[in-house]
Amino acid sequence: MGQQDKRHLPGLIAGAAALMWLPGAWAFQPFTISEIRAEGLERLDVGTVLTYLPLSVGDQLSPQTSRQAMRGLYASGLFEDVRIERDGSALVIFVRERPAIASFEIEGNKKIGGDELKETMKNLGLTEGELFKRELLDGVEQELQRQYFGNGYYDVEIETTVEPLPNNRVDLKINVTEGKVTTIRDINILGNSVYSREELFEVFKLDKTNKWEAFQKSDRYSKQQLGGDLEALSSYYQDSGYLKFEVASVQVQLSPTKEDIYITINVEEGERYKLEESRFSGDTVLSADFLKLFLSTKAGNWFSRKEATESANRIEAALSDVGYAFAEVTPLPEVDEEKKTVTLNYMVEPGKRAYVRRINFSGHGRTHDETLRR
């Protein structure tokens, strides 16, 4: 093979799936770039490619600089595929541009979306004239499905179509078939012995379907509402002395027809604890006797997390009144398992004292600043 033939033999330097250089993997010698060419451009020009290329004529192309070039071009978001080749001392960049979005429509989404969804799509770049990125469209499809599931529509079907058009453009369309809302056939609580099912369901907003109740909405399953109901259930126990109550597990089962949901909640009630005493630690600033005036937690009563939190908030407000605007008070329960009692340790962190440096007034119209300050 002659020297001239060797000079014109293209050598693959880097590709979309070959960003790692291994010793001896390529018959490759670094060279100085005398010319840069771009192939495959449709709407863009060479200048746009050079803007994102961290190389110019006179630079040396090496495994390291070729990787940097590939990363720079892909990071621009303008190209679906990039390939770099050598032609003698010329650097040739082959690209496939991302298509432009000619139109984007979502149809059939009566329960989810509206103008707010359209604005979100626009902010994401899924609108006419923007470059099409498949991962964004997939993300929208997944987010729509998540929202429908969260509102009880488990029978929803979401179909996405991408129609190629001339001049490297595409039409995007999402067709939503919402189906029927999935309702709760039954809610079962296991492990409760202190309170009956009826008592516990008093704190729930979700409820099973009652065929005698017209226009019932409480039987529409919502993951968010179930989370709120479980939090209310925990508070119900923990505010009545059951400090270590926890929801051990939750099973949500969907019927084969996707029309009914069965919820099973396993709870561990634990022991009931009384409050033995309350004390303070940290930099209390104010005297302990004074701080006790703000406590609603009384020795001998059943432990209540709600009362402990409210007491801590009142102490924070009292510290704020004397200049400690960013004080934090944390009630820490110290448990005596043998006596089944709790000592509440209110940890006080006053933070730095805050001072008023300046008072500004706005919107006071013709009223003089001096009048407002008086």
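Along the sequence shown, the residues carry numbers beginning at 1.
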Under 3.5 Å, is there a donor on one side chain and an acceptor on the other for [X] and [Y]?
X    : Y    : answer
R314 : S296 : yes
T177 : E157 : no
D229 : Q225 : yes
S62  : T65  : yes
Y74  : D81  : yes
E269 : S193 : yes
D207 : S218 : no
T182 : Y148 : no
E141 : Q145 : no
S281 : N345 : yes

- Task: Go through V335 and L243 one step at a time and tell me if the side chain to side chain contact (heavy atoms under 4.5 Å, CB included) criterion holds.
- Result: CA-CA 9 Å; V335 179; L243 172 65; 3.4 Å; yes
- Item | Flag, side chain of D45 to backbone of G47, donor-acceptor distance under 3.5 Å |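 Yes, D45 side chain to G47 backbone: donor-acceptor pair under 3.5 Å.
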- Message: Using a 3.5 Å distance criterion without hydrogens, assess whether the side chain of E178 forms a donor-acceptor pair with backbone atoms of K110.
- Response: yes
If I compare all heavy atoms of [X] with all of [Y], which pair ends up nearest, and what's the gap?
X    : Y    : result
A312 : P331 : CB-CD, 3.9 Å
S34  : S89  : OG-OG, 2.6 Å
E135 : R98  : OE2-NH2, 4.0 Å
A38  : V46  : CB-CG2, 4.3 Å
L55  : A69  : CD1-CB, 3.9 Å
A327 : L319 : CB-CD1, 3.7 Å

Within this structure, what is the [atom1]-[atom2] distance for the pair [X] and [Y], rounded to the nearest 0.5 Å?
X    : Y    : atom1 : atom2 : result
E334 : L344 : CD    : CG    : 8.5 Å
S196 : I189 : OG    : CD1   : 9.5 Å
M347 : E328 : CE    : CD    : 12.0 Å
S66  : L61  : OG    : CG    : 5.5 Å
K173 : E163 : NZ    : CD    : 9.5 Å
F104 : L126 : CZ    : CG    : 5.0 Å

Find out whether [X] and [Y] are in side-chain contact, i.e. whether some heavy atom of one side chain is under 4.5 Å from a heavy atom of the other.
X    : Y    : value
V92  : E39  : yes
N168 : E97  : yes
N266 : Q251 : yes
V247 : I265 : yes
F94  : V82  : no

- Message: I'd like to know whether the aromatic ring centres of Y195 and Y237 sit less than 6.0 Å apart in this structure.
- Response: yes
- Message: Between F149 and Y154 (judged by ring centroids, cut-off 6.0 Å), do the two rings come close enough to count as a pair?
- Response: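 F149 vs Y154: aromatic centres under 6.0 Å.
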- Within 6.0 angstrom of R169 CZ, more than 12 heavy atoms from elsewhere: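 Yes, because the 6.0 Å sphere around CZ of R169 holds more than 12 heavy atoms from other groups.
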- Is the count of non-hydrogen atoms from other residues, nucleotides or ligands lying under 6.0 Å from K208 atom NZ greater than 12?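 Open.
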- Message: Using a 6.0 Å distance limit plus a 45 degree cone around the ring axis, check whether R96 lies over the aromatic ring of F79.
- Response: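 No, R96 does not lie over the aromatic ring of F79.
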